[in-house]
Amino acid sequence: MVKVSKILAISMFMTLACSSCAFADGNAFTPLNFDNANYNSSNIRTSSTTSSSVISTQSQGTQQVEVTGSSNMQSAILKLDNAQVDVRNELLNLKAKYSDIDSQYKLIKNERKELGKQVKATEKRIKQIEKAKEKIRKNMI
C-alpha cells in the first residue's frame with residue numbers, strides 16, 4: 001500500500017511538473033491577428049473593422065499585406081459565445097431533470113426494497129400459520 005501511494009505521489013508530481021512547463025509561456029490563448037513576433041515571414045496581417053472580406057495587395061517587392069474582415073470574425077465569435085451559453089443552459093436543464101429522475105429512482109428503489117421485505121414477512125407468517133394448522137390437525141388425529 002505504501003508503494004502504491006509513493007508511486008501515485010511521484011506520478012502526480014511529474015504530471016504537475018510537465019504541465020507547468022507547457023504553460024510557462026503564459027500565452028494560453030492568443031487572439032486572432034495578434035503578431036507579437038515577426039518570425040521572419042513575408043506575410044503581415046492587419047485587421048480592419050470596416051472590411052468584410054479578405055483583400056490581398058502587393059507592396060514593397062516581397063511583402064504581402066493581407067487585410068481580414070474582423071467584423072465578421074467578431075460576429076462569429078459572438079454567435080459562438082451565444083451558442084455556448086445556450087448549450088450550458090441546456091446542460092443545466094438536463095442535469096436538473098436527471099437529478100429529479102435520479103431522486104425518483106432512489107425513492108422507488110427504496111419503496112421496492114421495503115415492499116419486498118413486507119412480502120417476505122407476510123409469506124413467512126402464512127407459512128407459520130400453515131405449520132400451526134398442520135400441528136393442530138396432527139394432534140386431533
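Numbers here simply count residues along the sequence, with the first being 1.
Partner of E90 under the side chain to side chain contact (heavy atoms under 4.5 Å, CB included) criterion, out of L92, D86, L94: L94 alone. The one candidate from E134, M140, K133 that meets the side chain to side chain contact (heavy atoms under 4.5 Å, CB included) condition with I136 is M140. Considering L91, V85, V87 as possible partners of N89, the one that fulfils the side chain to side chain contact (heavy atoms under 4.5 Å, CB included) test is V85.
Note that the CD1 atom of I77 and the CD atom of Q84 stand 12.0 Å from one another [nearest 0.5 Å]. Between the NZ atom of K95 and the CG atom of D102 there is a distance of 13.5 Å, given to the nearest 0.5 Å. In this structure, NZ on K97 lies 11.5 Å from OG on S99, to the nearest 0.5 angstrom. Between the OG atom of S71 and the CG atom of L78 there is a distance of 12.0 Å, given to the nearest 0.5 Å.
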**Q.** Stepwise side-chain contact (heavy atoms from CB on, under 4.5 Å) test for Q118 and L115
**A.** CA-CA 5 Å; Q118 289 178 358; L115 285 174; 3.5 Å; yes
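L107 forms part of no hydrophobic cluster, judged by ILVMFWY side-chain heavy-atom separations under 4.5 Å.
Residues forming a side chain to side chain contact (heavy atoms under 4.5 Å, CB included) with K117 (at least two apart in sequence, or on another chain): K113, E114.
K120 has no carboxylate O lying under 4.0 Å from a charged side-chain N of E123, or vice versa, which leaves the two without a salt bridge.
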